[in-house]
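In what follows, every chain begins at residue 1, and chains take the letters A, B, ... in the order their sequences are listed.
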Number of protein chains: 2
Amino acid sequence: MTRKTIHDVARAAGVAIKTVSRVLNDEPNVRPETRARVLAAAEMLQFQPSLSARSLAGRRSYLIGLVYENPSANYLVELQHGAMARCRQEKFRLFVHQCSGRGEELTRDVIGLIDQTHVDGLVVSPPLSESAHLIEALDQRGLPFVRIAPNDLKHVSPYVDMDDEGAAREMTEHLIECGHRRIGFIIGHPNHFASSLRLRGFRAALERHQIAFDPACVKQGYFVFESGLEAGRELLTLPDPPTAVFASNDDMAAGVLLAAHELAIPVPQRLSVAGFDDTYIARIVWPRLTTVHQPSYDLAFSATDLLLQSLKSGDAPKTARLPYKLIRRESTAPPAP
Amino acid sequence: MTRKTIHDVARAAGVAIKTVSRVLNDEPNVRPETRARVLAAAEMLQFQPSLSARSLAGRRSYLIGLVYENPSANYLVELQHGAMARCRQEKFRLFVHQCSGRGEELTRDVIGLIDQTHVDGLVVSPPLSESAHLIEALDQRGLPFVRIAPNDLKHVSPYVDMDDEGAAREMTEHLIECGHRRIGFIIGHPNHFASSLRLRGFRAALERHQIAFDPACVKQGYFVFESGLEAGRELLTLPDPPTAVFASNDDMAAGVLLAAHELAIPVPQRLSVAGFDDTYIARIVWPRLTTVHQPSYDLAFSATDLLLQSLKSGDAPKTARLPYKLIRRESTAPPAP
DNA sequence: CACGGCGATGACAGCGCTGTCAACGAAAGG
DNA sequence: CCTTTCGTTGACAGCGCTGTCATCGCCGTG
């Protein structure tokens, strides 16, 4: 019950190991008949090529790295599964790595991963995708990588993202169209570039509809439930409280919902609440959240796709922008007269 | 800016590569002075040994595999981080793998992972830890592995778990002590062994307090929100509805909460709701859930710990049972008079 | 003083593959 | 008819390490 090697397959098929290697790597110049014989032998022996040997001997490791820092559990799992799904299609494997540190320490961590595991490429998720130091080091290193939702689009390196600003604008306009004029906003974590994009979209919608921007209605949050709860309490106890609150993600929106419950403010009758991301949370709170569907799974799937394509073609990876979608549920409605 | 090898370090330190290898592997019989020189050279060159080369040449790959099937995002992330944290302490890396299939197909998937990646050991999370076919194959293969919350404790293989039955009993007793006599119960996914343990604990508590078990108050769920919602609706529209519902996990408890909202039943005034797991969800719904804290992170940390210890000592891994904790929040209270 | 034992170090094979290049026969061209 | 080309296959080196075994100098012992 020991591990089979390429020699076992070669012997069973009556060919040289190099021919087995050719078949496994889909190289040309193998007679179809020979190819079939090798494939049959490999199947019979349940042969699995050793990734270690492959990456040591060749230029490819069949490994893609996914690096992240500290995203929410739901977001992370979606990214992870999106990247895994695409890897599986190409018989690649995904190496998931949680990074630590910032700046130089972070870079060392990631370079260490690359050196140790020989990954062929990297999918860099936010907020790591915003670390200039890391991106520069990867560029210098010459390792192919694709960033998810980076902050610096002028940078040449490839990325996959969605239109955060447009989505936030559209959501704000939804609230305006409902009839809201005084709308609260909770900003996301200051380290995430998406936070400022969403704020920008919010302001753009106000401007377009000639509604004055009131700084009192804007609170700083940190993308976590507690920060939304706190910001919600502050907004709802304002002398002239908003009739709607748009939180930069669902976790914080759930916090606002709780704040409203505490203050006995019925949602959506006297307060509309909107979120962002469309995570699991949006569907399990009451009322269910109107939110922006962020295609996390697809973002990672697509990033991995671009990476694998570039590995195959040898060209630099391309770039993609994925569509978002406004999801209307029960947490938003016209304001009370 | 290319990858450094052991030869570079050996040259810089003025020793043979074998000596560098000895130092890196903490082998004895190296003069302290030599060791220091090698360490300094490795540090200077930012040398990272190639995992591929190590696993190809030696008996160890410095890789641990974590296999899972389809747990909730929060649970998965906790496991993943628990295992990663322990791996990092020993300079091991964690290979996370989502499995597909059942029975033989599942086994092939996992054996394929082992063969390809040369992992030194496996942490097997539920519900995979309940697959007899897989466990048998791993045993036969002779690869060290630790199961998390397995179903078959008579089996010789090592595991880490918590006392699901005791926890469910304790939670039920909490509801009984509040004064509830008619208590609904939502069973977890039938494929998860924990489901039957929790049901058993529920029944044990009723029995101990001489409360008759009414099958009408027990609904089958599937550990997901929607199933809790549905079961909640059924329970609460019963001719003689329960005054408390104990759901086998937090997701389903959140569903019950929503069902209560729909039916305008105030929680906890007219209905108490209890969950299980103490995931993130328990703290973001309203009212916040009374639940059992399941030490997922620690479970994985501990499983990885046992695995690494056994790798070091060469002995078979040990077994551990971790403590749970009842968390009382606002979703449970004495029933209305 | 000769010898054995031991701690410290190095030489070298080889893990399982891929890359390179050579070999060989058949088809194509003069 | 011989030469060239091309498709097919194999021999072999070597990726960066670890395991095995040899080597060497130094100590203690009879």
Exercise for review: Would you please test B:R141 and B:D115 for salt bridge (charged side-chain N to carboxylate O under 4.0 Å, His left out) and show each step?
Suggested key: CA-CA 11 Å; B:R141 185 69 181 225; B:D115 282 350; 2.2 Å; yes
If you only use heavy atoms from C-beta on, which nucleotide in [options] is closest to the side chain of [X]?
| X | options | result |
| --- | --- | --- |
| B:V15 | C:dG16, C:dG10, D:dT18 | C:dG10 |
| B:L56 | C:dC15, C:dG10, D:dG19 | C:dC15 |
| A:A16 | C:dC17, C:dC15, D:dA11 | D:dA11 |
| B:I6 | D:dT18, D:dA11, D:dG19 | D:dT18 |

[X]-[Y] side chain donor-acceptor pair, cut-off 3.5 Å:
| X | Y | value |
| --- | --- | --- |
| B:H192 | B:N151 | no |
| B:Q294 | B:E78 | no |
| A:Q309 | A:D305 | yes |
| A:S310 | A:D315 | no |

Practice item. Could you check whether B:S55 gets within reach of a base, just the sugar-phosphate, or nothing at all, counting any heavy atom under 4.0 Å? Key: nothing
Exercise for review: Could you tell me whether A:S52 contacts a base, only the sugar-phosphate backbone, or nothing, with contacts defined as non-hydrogen atoms closer than 4.0 Å?
Suggested key: nothing
Revision key, fill the gap. When B:V15, B:T19, B:V20 are each screened for side-chain contact (heavy atoms from CB on, under 4.5 Å) with B:V9, the one that passes is B:V20
Study note, to complete from the structure: Judged by nearest nucleotide, the residue sitting upstream toward the 5' end of DNA chain D, A:G58 or A:R31, is A:R31
Restricting both atoms to N or O, compile the protein contacts to nucleotides 21-25 of chain D shorter than 3.5 Å, with distance only.
none

Check your understanding: Under 4.0 Å between a Lys/Arg side-chain N and an Asp/Glu carboxylate O for A:R102 and A:E69?
Key -> yes
Study note, to complete from the structure: Contacts of A:L24 and B:T19 projected onto DNA chain C by closest heavy atom; the upstream (5') one is B:T19
Starting from [atom2] on [N], measure out to [atom1] on [X] and report it in whole angstrom.
| X | N | atom1 | atom2 | value |
| --- | --- | --- | --- | --- |
| B:Q116 | C:dC17 | CD | P | 10 Å |
| B:Y62 | D:dC17 | OH | P | 12 Å |
| A:R3 | C:dC17 | CZ | P | 9 Å |
| B:N29 | D:dG19 | CG | P | 15 Å |
| B:R54 | D:dG16 | CZ | C1' | 11 Å |
| B:N25 | D:dG19 | CG | C1' | 11 Å |
| A:K18 | C:dG19 | NZ | C1' | 6 Å |
| A:F47 | C:dC17 | CZ | P | 4 Å |

Practice item. Please check if the distance between the ring centroids of B:Y297 and B:H81 is under 6.0 Å. Key: no
Point to revise | Below 4.0 Å: OP1/OP2 of C:dT9 and any side-chain N or O of B:T34 | key: yes
**Study point:** Phosphate OP1/OP2 of D:dC17 contacted by B:S50 side-chain N/O (<4.0 Å)
**Key:** no
